[in-house]
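These figures come from a predicted structure and were not determined experimentally.
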Amino acid sequence: MCGLAGWVSYGRDLSTATEVASAMTETMVCRGPDAGGLWTSKHAILGHRRLAVIDLEGGRQPMAAAADGSLPVITYTGEVYNFQELRDELAALGHEFRTSSDTEVVLRAYLEWGAAFAERLNGIYAFAIWDPRTEELLLVRDRMGVKPLYYRTTEDGVIFGSEPKAILAHDEVEAVVDAEGLREIFSIVKTPGHAVFKGMREVLPATVVRFSRSGASTLTYWKLEAREHTDDLETTVTRVRSLLEDIVDRQLVADVTVGTLLSGGLDSSAVTALAAAARARRGITEPIRAFSVDFVGHEQRFESNVQWEDPDTPFAIEVAERVGAEHIIVELDNDDILDPEVRGAVLRAQDLPVSTGDMEYSLFLLCRALKERMTVALSGEAADELFGGYTWFHDKEAVELDSFPWHHPFEKAGGIGALRDVGLWDRLDLTDYVAQRYSEALEEVPRLPGESGHEARMRELTYLNITRWENFLLDRKDRVSMAVSLEVRVPFTDHRLVEYVYNTPWAMKNFDGREKSLLREAMRGVLPDSVLDRKKNPYPSTQDARYELALRRMVEEILTDDAPVLRIVSEEDVRRLLARPVGSFGVGGPWSARAVLERLVEFNTWVSEYDVRVEL
């Protein structure tokens, strides 16, 4: 999956600036532990760290189309799943290949079709191409924004990297966060393109950003469009099943071991079952490995609530037995997710304070356990956004809320109340900020002519979830998994499936009154009825009250006179929040009050570790 970094300067000679470029590139070692390289020229330096997945020997980077540097050079991260078809097409057009890697196919596709080549790619990717013929840099990101890519313009060029830490490693860049950056951290909005750090931007999904001596320009090569859905229910179910089978089959291609993340919910169970079936069709007799996470004593102490109805593990076990998977349960306790080294690693992975608390730490530990046995895993992210799995799709108040629908549980579960208690909600003017971002998002929604009422509203909610909430979760999964050099692929983000399901009427997605009715029916006969009939559960979170007590102690410990967190909150307000009874902070998720405690602790460490200058 890899990591990249680079620097373009039209006003200076970069051929001797390898020390800076190396420092930037080395921040990406976790994303690419297998190899690294730099390509230098007078006005451009490209850096790469490689996680070898396809063509383990031949796919080294940066990769140049010509040995003398006269043709384009690429530094590439991700996977293009249709690279074999593209390779055949390019070979028929006269291109010769030196390797078996998808990187070379992408490079040759650019040579053949120019910037329009991005439209032909199916995959998850982010890459930079330097074209010495025109002295232009292209930064390209996949359609759904699965793979990250950031940049910061300078007086005479641009600095870029897979993660903010690569840009912050440049000796001319300072880590500064202003009021708007703080609003992004605490509002749970995930504005596309926003990078939190002042002066830094994230390349938008499905976008090519082109830099030249005359400035920067952008090209959007794909976007969701509203189209009339003419298939009946039976045909729609069949089409969804067919698309998923093809997508999962494509995403199993690798020269390393591929497994799955299995929670026991519908989405991950569907991916695991389809992956096992695809391997069987290929004649692979070795069972696929499926990994789950659980907490010591979780089943005994579990209490159902509005988000979690039942423990995951029994369902994961049943699915693994049904599809013949080798099931590995990663069991964690409080010491694991409170470990300072783990918490520090997650902070460094995301470059920002955590948003979902213990979920991020347990996800890190789960991915680390996977990495001990494999390099690639398939995950069920994005199905809830597409098929309507979250509670806020089915809660009348949330649907009618004149804001992002996930702010409804955020209000009800106490997260917004906790932010108000410590003064952050009002101090950062989050009411107006969220309203502004919500208005901007609604203006983007592609609509069908004449569509109105509930169908129109559900189209809006689906779009908001796909373009905001989903990107929040995809970013979390990518950062945490790549921190341990694990590549996670996400079949539900394939743009063909996204286009089709986005335009399927809500009445069809919800035809039996249940969440994700369409996906359930598509998997009928493949998964156990117990999983098909199960209520949607979020990623697991510990319900051990001792975790909250430990978290409270951590908050108490950071309230010193020079604590960085006191730049944004007062000690009096934090202690008032801590005066709440134990157990009143909720359980997990970014909407809980407990997550606010997590963020205060993480913010304190983040400002110190990243030497952040806060401008409020």
Handout entry: Ion pair R496/D246, N-O distance below 4.0 Å
Key = yes
Problem - Side chains of K147 and R141 in contact at under 4.5 Å (non-hydrogen atoms) - result: no
Problem - Side-chain ion pair, E202 and K190, N-O less than 4.0 Å - result: yes
Completion exercise
Residues at least two apart in sequence or cross-chain that pass ring pair (Phe, Tyr, Trp, His ring centres under 6.0 Å) with F492, listed by chain then number, are none
Exercise for the section: Among Q350, R476, K477, find the one that has a side chain to side chain donor-acceptor pair (under 3.5 Å) with E360. Expected result: Q350
Handout entry: By side chain to side chain donor-acceptor pair (under 3.5 Å) - contacts of D384 (at least two apart)
Key = K516, K536
Exercise for the section: Evaluate the side-chain proximity of N122 to E85: yes if any heavy-atom separation is below 4.5 Å, no if none is. Expected result: no
Practice task
Report yes or no: do W222 and E499 form a side-chain donor-acceptor pair below 3.5 Å?
Solution key: yes
Practice task
Give a yes/no verdict on a cation-pi contact between R87 and F97, requiring under 6.0 Å between NZ or CZ and the six-membered ring centre and an angle within 45° of the axis.
Solution key: yes
Handout entry: CD/E155: more than 12 non-hydrogen atoms of other groups inside 6.0 Å
Key = no
Handout entry: V8 and I45, any side-chain heavy atoms less than 4.5 Å apart
Key = no
Exercise for the section: Give the ring-plane orientation class for Y390 versus F393, where under 30° counts as parallel, over 60° as perpendicular and anything between as tilted. Expected result: parallel
Handout entry: Modelled atom types, side-chain donor and acceptor of R489 and S379, under 3.5 Å
Key = no
Problem - Pair H407 and Y438, ring centroids less than 6.0 Å apart - result: no
Completion exercise
Across all chains, not counting sequence neighbours, the ring pair (Phe, Tyr, Trp, His ring centres under 6.0 Å) partners of Y463 are none
Exercise for the section: Could you tell me whether the side chain of S217 reaches within less than 4.5 Å of the side chain of R210, counting heavy atoms only? Expected result: yes
Handout entry: Test item: side-chain donor near acceptor, T77 and S162, under 3.5 Å
Key = no
Handout entry: Step-by-step side chain to side chain contact (heavy atoms under 4.5 Å, CB included) determination, E245 to R241
Key = CA-CA 6 Å; E245 288 175 341; R241 172 75 171 273; 3.0 Å; yes
Handout entry: Distance in Å, L519 CG paired with L244 CG, rounded so as to fall on 0.5 Å steps
Key = 6.5 Å
Practice task
Decide whether T103 and Q61 meet the rule of one side-chain donor and one side-chain acceptor closer than 3.5 Å.
Solution key: yes
Practice task
Mind running side chain to side chain contact (heavy atoms under 4.5 Å, CB included) on L38 and S22 for me, showing each step along the way?
Solution key: CA-CA 7 Å; L38 284 180; S22 293; 3.2 Å; yes
Problem - Any donor-acceptor N or O pair under 3.5 Å, side chains E136, S212 - result: no
Exercise for the section: Mind telling me whether W469 and F472 have parallel, tilted or perpendicular rings, with 30° and 60° as the class edges? Expected result: tilted
Exercise for the section: Could you tell me whether R459 sits above the aromatic face of Y502, with NZ or CZ closer than 6.0 angstrom to the six-membered ring centre and within 45 degrees of the axis? Expected result: yes
Problem - Carboxylate-amine/guanidinium proximity below 4.0 Å for E444 and K223 - result: no
Handout entry: Validation row: P72, L111 side chains within 4.5 angstrom (heavy atoms)
Key = yes
Handout entry: pair Y76-M63: side-chain heavy atoms closer than 4.5 Å
Key = no
Exercise for the section: Scan side-chain atoms only and decide if T236 and D231 contain a donor-acceptor pair under the 3.5 Å cut-off. Expected result: no
Problem - Lys/Arg-Asp/Glu bridge criterion (N-O < 4.0 Å) met for R143, E119 - result: no
Practice task
Please check if any side-chain donor atom of D494 sits under 3.5 Å from a side-chain acceptor atom of Y81, or the reverse.
Solution key: no
Table please: side-chain donor-acceptor pairs of residues 173-181 below 3.5 Å, with sequence neighbours left out.
unit_1	atom_1	unit_2	atom_2	d
E174	OE1	R613	NH2	3.0
E174	OE2	R613	NE	2.8
D178	OD1	E180	N	3.2
D178	OD1	G181	N	3.0
E180	OE2	H194	NE2	3.1
E180	OE2	R437	NH2	3.2

Exercise for the section: For the pair R49 and E26, evaluate salt bridge (charged side-chain N to carboxylate O under 4.0 Å, His left out) and give the outcome as yes or no after the intermediate values. Expected result: CA-CA 8 Å; R49 290 298 316 186; E26 287 307 296; 3.5 Å; yes
Problem - Ionic contact status for D351 with K165, cut-off 4.0 Å - result: yes
Handout entry: Any residue meeting ring pair (Phe, Tyr, Trp, His ring centres under 6.0 Å) with Y433, in chain and number order, not counting sequence neighbours
Key = none
Practice task
Fit a plane to each ring of F127 and F117, take the angle between them on a 0 to 90° scale, and name the class: parallel (under 30°), tilted (30 to 60°) or perpendicular (over 60°).
Solution key: tilted
Handout entry: Output field: ring centroids Y150/F197 closer than 6.0 Å
Key = no
Exercise for the section: State which residues pass side chain to side chain donor-acceptor pair (under 3.5 Å) with D611; sequence neighbours excluded, sorted by chain then number. Expected result: none
Practice task
Would you indicate whether the side-chain heavy atoms of Y610 and L168 approach each other to under 4.5 Å?
Solution key: yes
Handout entry: E487 and S481: side chain donor to acceptor below 3.5 Å
Key = no
